[in-house]
**Q** 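First, the structure itself, so that you have it in front of you.
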Amino acid sequence: MTQPLIITAALVGAEVTLAECPHLPITADQIGQAAAEACQAGASIIHLHVRTPEGQPTQDQETFRRAIEAIRARCDAIVQVSTGGAVGMTAQERLQPVYLKPEMATLTTGSVNFGEEIFANPWSLIQEFARAMQEHGVKPELEIFDAGMIANALRLRDKRLISEPLHFDLVLGVPGGMPATVRNLVYLVEGLPAGATWSVAGIGRAQTQMAAVAIAMGGHARVGFEDNIYYRRGELAQNNAQLVARVARIAAELNRPVATPAEARRILGLRGGPA
Ligand code: KMH
Ligand code: ZN
């Protein structure tokens, strides 16, 4: 039987600027509000980056703490913190939100060109991040930008640094990573271990297309300003919830009801609500 659809709302990201996206949530209050609206529209995971008051990406623990509190005050979504942060941050900087013991955190299992820059994730860093997540009871979402990253994730599993059921997010369309095509998505999904769950994050205009394919394939979907700021060509989205709501509507047409946070926790093997 097909599972309910887990929609992840990637509300903020690290690269999008306020100049490009005037509705980008920045403060804890704005992030909490955006999360509540996204949940109302059908999201059950909030993928979380935070910003300084000036709008710069930061991994500051206190800024994360305030944003997480603001989300939890308004909805029951699973909070998934980013350990990717922004390109160029140190490992210690990036790890800070894991110490807050959120339910989930991202774990990118390899390096990838990221536009003009390199999103560096050497094997030593990957293992250190996996260990930190294990020690703090945080479930990793394995971020896959290229095919070899799945092999690295399986190496982590074999070394017992991550445990099943594994959850993957297949990020397609980053300039330098795997392009967002149906063929690439199917290829990656075929390489996942039995029992794994997965979502797709299509970048830019691929966001809705990839989400629709994932819905049909039985996977899950990620949308939001981190990956795409347009509702349609030439028209900025008004808020993250608008992007979530569209995917929820497509899912309804395809007989995939959206998962509540409780259902998402069951599907992902999370033990319960937030600690
Ligand atoms: N901002 C990218 C360099 C994650 O959240 O873990 C990395 C990223 C992935 O956004
Ligand atoms: Zn992210």
Side-chain angles (χ1 to χ4, degrees), residues 7-17 20-21 24-26 31 34-35 38 43 45-52 55-60 63-64 67-68 71 77-98 100 102-122 125-126 128-130 132-133 138-146 149 152-153 156 162 166-178 180 198-204 207 210 220-229 240 243:
I7 303 178
T8 299
L11 303 176
V12 185
E15 288 79 28
V16 178
T17 65
E20 293 162 340
C21 180
L24 191 68
I26 300 285
I31 290 173
I45 300 180
I46 300 299
H47 169 73
L48 187 63
H49 288 253
V50 293
R51 303 291 181 108
T52 66
Q56 297 303 312
T58 176
Q59 290 291 102
D60 175 62
T63 311
F64 264 101
I68 292 170
I71 295 169
I78 297 163
V79 175
Q80 176 196 90
V81 300
S82 169
T83 67
V87 165
M89 288 177 171
T90 66
Q92 285 320 310
E93 237 176 319
R94 287 168 54 183
L95 259 183
Q96 290 178 76
V98 170
L100 297 170
E103 284 183 269
M104 293 183 84
T106 56
L107 175 55
T108 300
T109 51
S111 301
V112 62
N113 280 10
F114 214 86
E116 303 296 314
E117 303 177 287
I118 299 176
F119 180 31
N121 295 289
L125 176 149
I126 297 168
E128 180 188 353
F129 280 26
M133 289 180 206
V138 179
K139 179 173 172 114
E141 174 178 273
L142 301 155
E143 303 298 317
I144 305 300
F145 293 75
D146 221 328
M149 295 188 189
N152 270 348
L156 285 179
I162 56 175
L166 303 183
H167 180 63
F168 293 84
D169 183 42
L170 311 171
V171 187
L172 298 182
V174 168
M178 276 178 97
W198 61 273
S199 59
V200 69
I203 305 301
Q207 180 165 89
M210 285 292 115
H220 304 282
R222 168 172 134 172
V223 294
F225 284 162
E226 175 163 347
D227 303 331
N228 164 49
I229 60 175
N240 281 283
L243 299 168

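Fair warning: this is a prediction, and the values are worked out from it, not measured in the lab. Whatever order the structure lists ligands and atoms in, that order sets their numbers, starting from 1. The analysis underlying the following values was restricted to heavy atoms, covering all of them including side chains, and did not include hydrogens, waters or symmetry mates.
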**Q** So which protein heavy atom does atom 9 (C) of ligand 1 come closest to, and at what separation?
**A**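 Answer for atom 9 (C) of ligand 1: G84 CA, 4.1 Å.
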**Q** Using side chain to side chain donor-acceptor pair (under 3.5 Å) as the criterion, point out the one residue from E143, E141, E226 that pairs with H47.
**A**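 With H47 as partner, E143, E141, E226 yield a single side chain to side chain donor-acceptor pair (under 3.5 Å), made by E226.
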**Q** Hey, which atoms in ligand 1 end up nearer than 4.0 Å to a heavy atom of H47?
**A**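 Heavy-atom distances to H47 below 4.0 Å select 5 (O).
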**Q** For atom 5 (O) of ligand 1, what's the nearest protein heavy-atom neighbour? Residue, atom name and distance, please.
**A**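 The protein heavy atom lying closest is S82 OG, 2.7 Å.
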**Q** Among D169, I45, V200, exactly one meets side-chain contact (heavy atoms from CB on, under 4.5 Å) together with T8. Which residue is that?
**A**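 Answer to the side-chain contact (heavy atoms from CB on, under 4.5 Å) test with T8 among D169, I45, V200: I45.
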**Q** Got a second to check how far D146's CG is from T109's OG1, nearest 0.5 Å?
**A**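 One finds 10.5 Å between CG of D146 and OG1 of T109.
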**Q** Do any of the N/O/S atoms of E226, backbone or side chain, fall under 2.8 Å from the Zn ion (ligand 2)?
**A**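 Given the 2.8 Å cut-off, E226 counts as a ligand of the Zn ion (ligand 2).
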**Q** Could you go through N228 and V223, starting from their C-alpha distance and side-chain angles, then the distance that decides it, and tell me whether this counts as side chain to side chain contact (heavy atoms under 4.5 Å, CB included)?
**A** CA-CA 7 Å; N228 164 49; V223 294; over 6 Å; no
**Q** Under a 4.0 angstrom heavy-atom cut-off, which atoms of ligand 1 come close to V87?
**A**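 Contacts of ligand 1 toward V87, numbered from 1: 3 (C).
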**Q** Using a 4.0 Å cutoff against the non-hydrogen atoms of H49, which atoms of ligand 1 qualify?
**A**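 With H49 as reference, the close atoms of ligand 1 come out as 5 (O), 10 (O).
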**Q** Among all protein heavy atoms, pick out the one at the shortest distance from atom 6 (O) of ligand 1; state its residue, atom name and that distance to 0.1 Å.
**A**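 Closest protein heavy atom to atom 6 (O) of ligand 1: T106 OG1, 2.6 Å.
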**Q** Under 4.0 Å from any heavy atom of F114, which atoms of ligand 1 are there?
**A**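 That gives atoms 2 (C), 3 (C) of ligand 1.
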**Q** Does the side chain of T52 come within less than 4.5 Å of T63's, by heavy atoms?
**A**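 They are not in contact (no side-chain heavy atoms under 4.5 Å apart), so the answer is no.
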**Q** Passes side chain to side chain contact (heavy atoms under 4.5 Å, CB included), I78 versus K139? Steps please.
**A** CA-CA 11 Å; I78 297 163; K139 179 173 172 114; over 6 Å; no
**Q** Where is the nearest protein heavy atom to atom 10 (O) of ligand 1: which residue, which atom, and how far?
**A**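 Protein heavy atom at minimum distance: E226 OE2, 3.0 Å.
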**Q** Suppose we measure from atom 3 (C) of ligand 1 to each protein heavy atom; which comes out shortest, and what is that distance?
**A**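 Protein heavy atom at minimum distance: E15 OE2, 3.5 Å.
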**Q** Any chance you could lay out the side chain to side chain contact (heavy atoms under 4.5 Å, CB included) test for V81 and I68, step after step, and finish with the verdict?
**A** CA-CA 9 Å; V81 300; I68 292 170; 4.0 Å; yes
**Q** Going through the distances and angles, do E128 and Q92 end up as a side chain to side chain contact (heavy atoms under 4.5 Å, CB included)?
**A** CA-CA 10 Å; E128 180 188 353; Q92 285 320 310; 2.7 Å; yes
**Q** Check if G85 has a non-hydrogen atom at a distance under 4.0 Å from any atom of ligand 1.
**A**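 It does, in that a heavy atom of G85 comes within the 4.0 Å cut-off of ligand 1.
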